Amino acid sequence: MINTLVRQCALSALLLCLLVPGLCAQEPVSKAWIVNAQMQGNERLARVRPEVHSVTLLDRSVEVRSAGISLYYLGPFQTSANPAERLHQFRFRVPRLPAPETGINPSGHLSVRPDVLGVFVNGMPIYNQFESASYEGRNLWHFDTIAGSDDGTWTVAGRPRPELHGFAPGLLEKLIADSSGHSPIIGFAFDGYPIYGPWAYANGVNANATAKGSLRRMRSGYRLRQIKQRNVWPDGTALTPGQQGPAVNEQFPLGTFVEDYEYAAGTGDLDEFNGRFVKTPEYPNGTYAYFLATEAGGRLAFPYLLARQYYGRVSEEALKNAFHDGENAQAAEIETAQKIAVTFPPSQARLTLKMEARPTAERPARLSFQVTDACGAPIRHLEYVHERPMHLIVVSEDLAEFDHIHPELVAGDRYEVTHTFRHGGRYRLYADFTPPGAAQHIETVELIIGGTPRPAAKLVADVVWTKQTDDLRITLASKQPLRAGEDIELTFAVRDALTGKTAAGLEPYLGAWAHFVIIDERQQNFIHAHPLEAAVANNGTASGTANGFAQSHTHDAQSLGPPPDEVRVLTSFPQPGTYKLWAQFQRDGRVIIQPFVVQVGAPQPARRADVAIPPDAIKVSIGSNGFQPAQLMASAAKPIKLAITRDAQPNCGNRIVFPSLGIARDLPLGETVIIELPALDAGELRFTCGMGMYRGMIVVQ
């Protein structure tokens, strides 16, 4: 304990010495670091020294290296949400001469990196604590993990809970309490602007002056929204019923999520970026700076250090290159000579793909996607569906090659993935994603890859529907003839090739027991299907589960239970012809892909009877965009009638499920079904399709 206090006092003294006039050069970013002076000698030992290892001046930036070890605790901001127990070799690059963003970037101010926002002066990363965890893992309502880990001692939004005891004391505690002068620099953001502790001169006078009366804590300009339901984001985006967060209650009080806050100009000292223009000991002529936001009592206040965007100008490439963890890590540059854009309906979004000018087979190509709204602003958070924000299916023109990959969010609000095309020729990419406030989108783009093309393979329907891959035998079966325009239930039996028994070691893959992609030979029809998980009987109820209803349609891995004897999937083929189907399973951590080629016959003549729709029924349609409308209004203490019409085109809406009522009804393709529900108390009644992909809500008033 004594040694710890000695180290803390030493660091406090070192930081406070920065307040001495003239101590720093014209570029404080090159002098503010706590460098370990004992770096000579054994090179391998030097790599695990604490604090900063080296500071190198480059043309436009300062490069800082460290092992991510410090003897001084700068609070929970320096702790990764998913710590890796290994030797780190951090490399940071901070601009030497920061400048404000003046609209040069097409998207305006760039969003902060999703992983690391900047670097502390002791060489520790400033981790992004606001995107590591979200409600139900959907990437829409993000937990404030700082407040969520505190009992209210350190943070305004923390609350007493028996399992929590507040954060460990350290340097931040000293900075928060020390009102003897302007706070020292504690780090730098990746736009080059400094980050200070909580104390500053509010009237902007030189911090070396004697006007001590203006010294005060920097107050955040963010405040809690006065909401009871979490159905709209702070920017006004109205979410679909399935994207809404939990109601404000004792379990999820206001302040639980980042999206509970809004910026209110003039309510604090700091702007929407959590900074302001000030004069400081290091910048006597003034600079923009971020501050550690606190309230009058000294507790940390949202957004703590940085908010959602950087104030300063920074390019996407520079932001990607600002932080690396690994020896001799080099930034992967993206050439943008070729730009391919796929446009959604104008009221929703635009998808842009950036990649190399001429991608070539057998050479890694970086695919960079950006989704923007109707105004051109980037959409940062796509809904996580089956554990990923975006599913990208890559197939060759003859359907001989198939890959299912997942772009992930990187700097610049882009979703990127590196992929190696195995041959030259024509490929088609299918991007499957769900923007906030919208239904699922599947958009396609065609690419021509340089290099030697593969010999064309003719698609021929399989005669035998049993395949063997490695030590597995996978059998496809159908309960009815394969015809277009009908719901077809397919079953897949996965057996051990030697024993014939159900294969051991099967695991959920992306939150389901399998994934299925189906594409016709002309690549005009694309189907991304998932297993049927809810075993609901024909009478609309199920047994052996809570409230008589199986909840596994939600597709989370915990609810799936033991591996099934057969994996069932319900799909429909829009047109007759030859289709290729890829079934994906996971066994002992390894993804297994088994293709099948099937022939689909012509549809039977329609023999659908007209259904009389009661005048008091609420009309709902269901198709590839989900339920329309997805939110319905009904009166309390009065039975509810629904007239649900399913689109004749292929979609996942074969069934509607009311989990809390234990009711489920089949919805045939192209038909209308009348459903009567009992009178309900005021509140919300949620419903889904049979696979949990489409979701809706009845608001009972």
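This structure is a prediction, so every number in the text was calculated from the model and none was measured.
- Results of the ring pair (Phe, Tyr, Trp, His ring centres under 6.0 Å) test with Phe257 over Phe130, Phe143, Trp233 single out Phe143 as the only residue that passes.
- Remark: Gln229 pairs with Asn231, Ala247, Glu684 by the side chain to side chain contact (heavy atoms under 4.5 Å, CB included) rule, at least two apart or across chains.
- For the side-chain hydrogen bond (donor to acceptor under 3.5 Å, both in side chains) test, residues two or more places apart in sequence or in another chain that qualify with Glu259 are His142.
- Considering Thr155, Asp151, Asp150 in turn, Asp151 is the only one that fulfils the side chain to side chain donor-acceptor pair (under 3.5 Å) rule with Thr153.
- Remark: Pro95 pairs with no residue by the side chain to side chain contact (heavy atoms under 4.5 Å, CB included) rule, at least two apart or across chains.
- A side-chain donor-acceptor contact under 3.5 Å links Asn274 to the backbone of Leu305.
- Sorted by first and then second residue, the salt bridge (charged side-chain N to carboxylate O under 4.0 Å, His left out) pairs involving residues 283-297 (not counting sequence neighbours) are Glu295-Arg299.
- Checked against side chain to side chain contact (heavy atoms under 4.5 Å, CB included), Val119 has the following partners two or more places apart in sequence or in another chain: Trp33, Phe92, Val94.
- Residues satisfying the ring pair (Phe, Tyr, Trp, His ring centres under 6.0 Å) criterion with Tyr196, sequence neighbours excluded, are His182, Phe291.
- Side-chain polar atoms of Gln370 and Thr352 form no donor-acceptor pair below 3.5 angstrom.
- Residues satisfying the ring pair (Phe, Tyr, Trp, His ring centres under 6.0 Å) criterion with Tyr222, sequence neighbours excluded, are Tyr263, Phe302.
- Applying the salt bridge (charged side-chain N to carboxylate O under 4.0 Å, His left out) test to pairs two or more places apart or on separate chains, those with a residue in residues 115-129 are Arg113-Asp115.
- For Pro114, the side chain to side chain contact (heavy atoms under 4.5 Å, CB included) partners two or more places apart in sequence, or in a different chain, are Glu131, Arg380, Leu409.
- Distance alone, capped at 3.5 Å, is enough to place a donor-acceptor pair between the Asn36 side chain and the Pro50 backbone.
- By the side-chain hydrogen bond (donor to acceptor under 3.5 Å, both in side chains) test, Tyr288 is found to be paired with Asp271, residues two or more places apart in sequence or in another chain being considered.
- Interatomic distance, CZ of Arg49 versus OG of Ser66, reported as 14.5 Å (0.5 Å rounding).
- Qualifying side-chain hydrogen bond (donor to acceptor under 3.5 Å, both in side chains) partners for Arg223, counting only residues two or more places apart in sequence or in other chains: Glu262.
- Taking the charged nitrogens against the carboxylate oxygens, Glu416 and Lys320 do have a contact shorter than 4.0 Å, which makes a salt bridge.
- Distance alone, capped at 3.5 Å, places no donor-acceptor pair between the Trp199 side chain and the Leu215 backbone.
- Applying the side-chain hydrogen bond (donor to acceptor under 3.5 Å, both in side chains) criterion to Thr287, with sequence neighbours excluded, gives no partner residue.
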